[in-house]
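Just below is one structure, and these are the notes that go with it.
All values below come from the heavy atoms of this structure, side chains included, with hydrogens, waters and symmetry mates left out.
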Amino acid sequence: MFFKKYGDIVVGIIFMVISAAMILMALQLPKSAIIDIGPEFMPLVIGGITFALAAALTVISVIGLKGKLAALEGEEAPDCDYKRVISSFILMLIYVFVLQPVGFIISTLVYLFLQIMVLSPADQRGKKQIIQVIIIDILFTVIVFFLFRYGFKIILPTGLLNF
């Protein structure tokens, strides 16, 4: 019940702290001697935007807190599906550790499929939905791979698929 009442405020504060830390770390990056825009530019932009959005979320949540408290009065706390939360956390940990040795494409294909299956309701796991998930999984992985490889010129881990 606590998170239902104060969740947006807590999340806003957490993201303000994370973005402030990101800004501070970005300021410690070495300046570029060649061009005015150095490696600190994008982290500063992302950190600033994240901080502003988190601050807006916190302020809006504090302003609307009275109405939310009145609406939640007498309502019972919903059951949390801890099995899905723990499964998602374990899948993320496994993904992080197998990304480098196995490679981006294979590990992302497997991770996304399993993560979507964990988070989808039991009645949404039929043959038709699984085919849709596989198509989305393949499209997303290929688009992200090519975006990083050719758009950003960043080589993602190839792992087992050396090309």
Side-chain angles (χ1 to χ4, degrees), residues 2-4 6-32 34-35 37-58 78-163:
F2 173 82
F3 201 73
K4 197 164 187 174
Y6 306 106
D8 288 341
I9 297 171
V10 171
V11 169
I13 291 170
I14 289 171
F15 272 94
M16 283 193 301
V17 169
I18 290 171
S19 59
M22 183 177 181
I23 290 169
L24 291 174
M25 287 188 275
L27 291 172
Q28 295 175 359
L29 290 171
K31 303 292 182 206
S32 175
I34 301 169
I35 58 175
I37 298 175
E40 79 282 354
F41 178 72
M42 277 312 292
L44 285 174
V45 170
I46 293 170
I49 291 171
T50 305
F51 188 88
L53 291 173
L57 174 67
T58 305
D79 291 336
C80 184
D81 193 355
Y82 291 108
K83 182 179 177 184
R84 288 184 187 202
V85 173
I86 292 170
S87 298
S88 293
F89 184 72
I90 290 170
L91 280 173
M92 283 187 273
L93 281 177
I94 293 170
Y95 178 71
V96 167
F97 287 114
V98 301
L99 181 64
Q100 189 68 35
V102 175
F104 175 79
I105 293 177
I106 295 173
S107 58
T108 303
L109 284 171
V110 172
Y111 167 74
L112 277 180
F113 178 77
L114 293 174
Q115 187 66 57
I116 293 171
M117 287 294 110
V118 164
L119 295 176
S120 65
D123 62 338
Q124 295 290 320
R125 294 184 192 160
K127 187 176 182 180
K128 181 181 175 185
Q129 289 84 6
I130 290 176
I131 292 171
Q132 289 174 341
V133 167
I134 290 172
I135 292 170
I136 291 169
D137 185 14
I138 292 170
L139 283 174
F140 177 80
T141 303
V142 169
I143 289 170
V144 169
F145 178 78
F146 282 112
L147 179 66
F148 273 80
R149 167 77 49 103
Y150 300 109
F152 300 139
K153 306 283 189 236
I154 296 173
I155 305 296
L156 295 171
T158 56
L160 302 174
L161 301 175
N162 282 333
F163 53 85

Residue pairs, two or more places apart or on separate chains, that pass side-chain hydrogen bond (donor to acceptor under 3.5 Å, both in side chains) and touch residues 97-111: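 Checked against side-chain hydrogen bond (donor to acceptor under 3.5 Å, both in side chains) - neighbours excluded - the pairs reaching residues 97-111 are Y95-T108, Y111-Q115.
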What pair of heavy atoms forms the shortest contact from [X] to [Y], and how long is it?
{"X": "L57", "Y": "V11", "answer": "CD2-CG1, 4.4 Å"}
{"X": "E40", "Y": "A26", "answer": "CB-O, 3.1 Å"}
{"X": "R84", "Y": "L119", "answer": "NH1-O, 3.1 Å"}
{"X": "I46", "Y": "T50", "answer": "O-OG1, 2.7 Å"}
{"X": "G47", "Y": "S19", "answer": "O-CB, 3.4 Å"}
{"X": "L109", "Y": "D137", "answer": "O-OD2, 2.5 Å"}

[atom1] of [X] to [atom2] of [Y]: how many Å apart, nearest 0.5 Å?
{"X": "I106", "Y": "T141", "atom1": "CD1", "atom2": "OG1", "answer": "11.0 Å"}
{"X": "L114", "Y": "S88", "atom1": "CG", "atom2": "OG", "answer": "10.5 Å"}
{"X": "I14", "Y": "T58", "atom1": "CD1", "atom2": "OG1", "answer": "10.0 Å"}
{"X": "Q129", "Y": "I116", "atom1": "CD", "atom2": "CD1", "answer": "12.5 Å"}
{"X": "F113", "Y": "I136", "atom1": "CZ", "atom2": "CD1", "answer": "11.5 Å"}

M117 backbone acceptor or donor facing S120 side chain under 3.5 Å: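 Confirmed, S120 side chain pairs with M117 backbone.
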Expected output: side-chain Q28 to main-chain M25 donor-acceptor under 3.5 Å: no
Ring pair (Phe, Tyr, Trp, His ring centres under 6.0 Å) partners of F89, counting only residues at least two apart: none
Those residues that, when tested against F148, pass ring pair (Phe, Tyr, Trp, His ring centres under 6.0 Å) (two or more places apart): F152
Within-4.5 Å side-chain heavy-atom neighbours: I23 and L44: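 Yes - at least one pair of side-chain heavy atoms lies under 4.5 Å apart.
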